[in-house]
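Here the structure is laid out as structure tokens; the discussion comes afterwards.
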2 protein chains.
Amino acid sequence: MTHLMNRYLHSTRLLVAIDCIIFGFDGEEIKLLLIKRNFEPEKGKWSLMGGFVKEEEDLEAGAERILYELTGLDNIYVEHLQTYGKVNRDPVERTISVVFFALINIHAHDQESVRAHNAQWISLKNVPQLIFDHDRMVENALERLRYKAALHPIGFELLPEKFTIPQLQKLYEAIYDMRLDRRNFSRKILSTGLLIDTGEKNENSATKKAILYRLDKQKYESKFNAFWYFMPESS
Amino acid sequence: MTHLMNRYLHSTRLLVAIDCIIFGFDGEEIKLLLIKRNFEPEKGKWSLMGGFVKEEEDLEAGAERILYELTGLDNIYVEHLQTYGKVNRDPVERTISVVFFALINIHAHDQESVRAHNAQWISLKNVPQLIFDHDRMVENALERLRYKAALHPIGFELLPEKFTIPQLQKLYEAIYDMRLDRRNFSRKILSTGLLIDTGEKNENSATKKAILYRLDKQKYESKFNAFWYFMPESS
DNA sequence: CATTAAATGTGTCATTTCGACACAATAATA
DNA sequence: TATTATTGTGTCGAAATGACACATTTAATG
């Protein structure tokens, strides 16, 4: 038992943080939920929402706790991105950061809680410099989002329950920062069989009202872990 | 400063381990380099190669150290898989495990070092039960390998510098555990423009000698982070 | 009330890609 | 020289893709 103890006893314990990249979509742009820190360290600067792992808490649970604290939402899409552990990434003390990214319906969160945390939705194109290595985390998360959305039907997580094909197209155009052909996009999306016509139409339109669809949850679950092979047209 | 100290001081420090999933290919099967532990805890059982993060060591550096210790190789393909942090995953003490996976040329490693660590190459199909949550790590790594190899020209990392198209095909057949059509495979691979005909032929053949190709490093680098869209035929 | 403008739904067509399959070339062996 | 196993390359029809046209819906306009 002494031998066992030695291996463990002589090893370093580290602070373990959890940081969350929170994506939203307002109909035009992809946005991030960032906080202007009113606490140390780096008070006054922008950062991701985060916290430390608790003694008796799984990592995923920690991410969900932190997301709930800020947005009042649970049951949202959360995925482990990766872990950042450069020796000097946190100037106060060496800290490993386990990073998750979340996709939420931007209109569904708790406004009050967001205000209390001094948080704001900021367009991807206007993201300020962030503390520590949070910039790189955001970069990597965007790559992952693009990667994932090309292959899995993940985009729906950013939209309300009922949505139109033009809305979905705008979402993909925002994710990939490129224009897509309406007609080809529609064909591709409908060919997945994931969309169910609700019979309703989008009333908030000054011109032709688009059909409101909802996800076929069943097919969604079954297709989610399979490759999807959707990709924006190459040029 | 007291405020700052409180946030940090009252948080838990955790043991941080690094575990490595090491893939190899022997020409027929995908294999894992596993160790039969001659140390506690779980002495006598099989596990991944791992270790603890050192005080002044980046995570990636730690993975490379551990890989070098076992195989004598550096400059190999290593990618962060994900981090496992369930509260009770290690019965001795709560430990977070940052997991990497590596792809190596199975004939290039240091035999002596592998023997000294009581390690063995074990076919994916015969992997014994592993300690802790290492089974799930292996499962996830295989998923990642399949995912990645379908989209990026990653398979070459498992082959010697010069290789034939039939060898490459056998590799993909092993990764996806399915048979592929020779003629379609050849067409797809050659169409990527990544292969350069060395002019040499594989002399270890009792029949028609296959052309030896090597990677076009330049194109390889440029295509690596782009989607590749190679996938085995569906059925 | 007819016209216009903007947005949506659907269709066509040529090109490319993909899967299934056939045939010729190479090299050791009998 | 025939045989056998393996490798290289070609063909063909079906499906998917990108480029593009046209008709429909709706509010606003005169």
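Below, read A as the first sequence line, B as the second, and so on, with proteins coming before strands; counting in each chain starts at 1.
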Suppose we screen for salt bridge (charged side-chain N to carboxylate O under 4.0 Å, His left out). Which residues come up paired with A:Arg214, at least two apart in sequence or across chains? none
Atom-pair distance (CG on B:Asp181; P on D:dC12), nearest Å: 17 Å
When you measure from the side chain of A:Pro166, which nucleotide among D:dG10, C:dG11, C:dT8 comes out closest? C:dT8
What integer distance in Å separates A:Leu190:CG from D:dA16:C1'? 15 Å
Send over the distance from A:Ile165 CD1 to C:dT10 C1', rounded to a whole Å. 11 Å
Whether the B:Gln129 and B:His134 side chains hold a donor-acceptor pair (N or O, under 3.5 Å, no angle test) is what I'd like checked. no
Under a 4.0 Å N-O cut-off, is there an ion pair linking A:Glu29 with A:Lys125? no
If the cut-off is 4.0 Å, is B:Lys188 near the phosphate of C:dG19, judged by side-chain N/O to OP1 or OP2? yes
Nearest listed nucleotide, side chain of A:Ser186, among D:dT17, C:dG19, C:dT10: C:dT10
Round to a whole Å and report the spacing from CD1 of A:Ile189 to P of C:dT10. 14 Å
Between D:dT7, C:dC18, D:dC20, which nucleotide has the shortest distance from any of its atoms to the side chain of B:Arg187? C:dC18
Test salt bridge (charged side-chain N to carboxylate O under 4.0 Å, His left out) applied to B:Asp26 - qualifying residues, sequence neighbours left out: B:Lys31
Round to a whole Å and report the spacing from CD of B:Glu203 to P of D:dT6. 17 Å
Tell me every residue that passes side-chain contact (heavy atoms from CB on, under 4.5 Å) with A:Glu112, counting only those two or more places apart in sequence or in another chain. A:Asp110, A:Arg115
Ignoring the backbone of A:Asn184, work out which of C:dA22, C:dA20, D:dC20 is nearest its side chain. D:dC20
CZ of B:Arg182 versus P of D:dT6: gap in Å, rounded? 10 Å
Spacing between A:Leu180 atom CG and D:dT17 atom P, to the nearest angstrom: 13 Å
Return yes if the base of D:dA21 and the side-chain atoms of A:Arg183 contain a donor-acceptor N/O pair under 3.5 Å, otherwise no. yes
Taking DNA chain C as the partner, which of residues 206-213 of chain B come within under 4.0 angstrom of it by heavy atom? B:Ala206, B:Thr207, B:Lys208, B:Lys209
Under the salt bridge (charged side-chain N to carboxylate O under 4.0 Å, His left out) test, which residues partner B:Glu139, sequence neighbours left out? none
Measure CZ/A:Phe185 against P/C:dG9 and give the value in whole Å, please. 12 Å
For A:Glu161, check salt bridge (charged side-chain N to carboxylate O under 4.0 Å, His left out) against everything at least two apart and list the hits. none
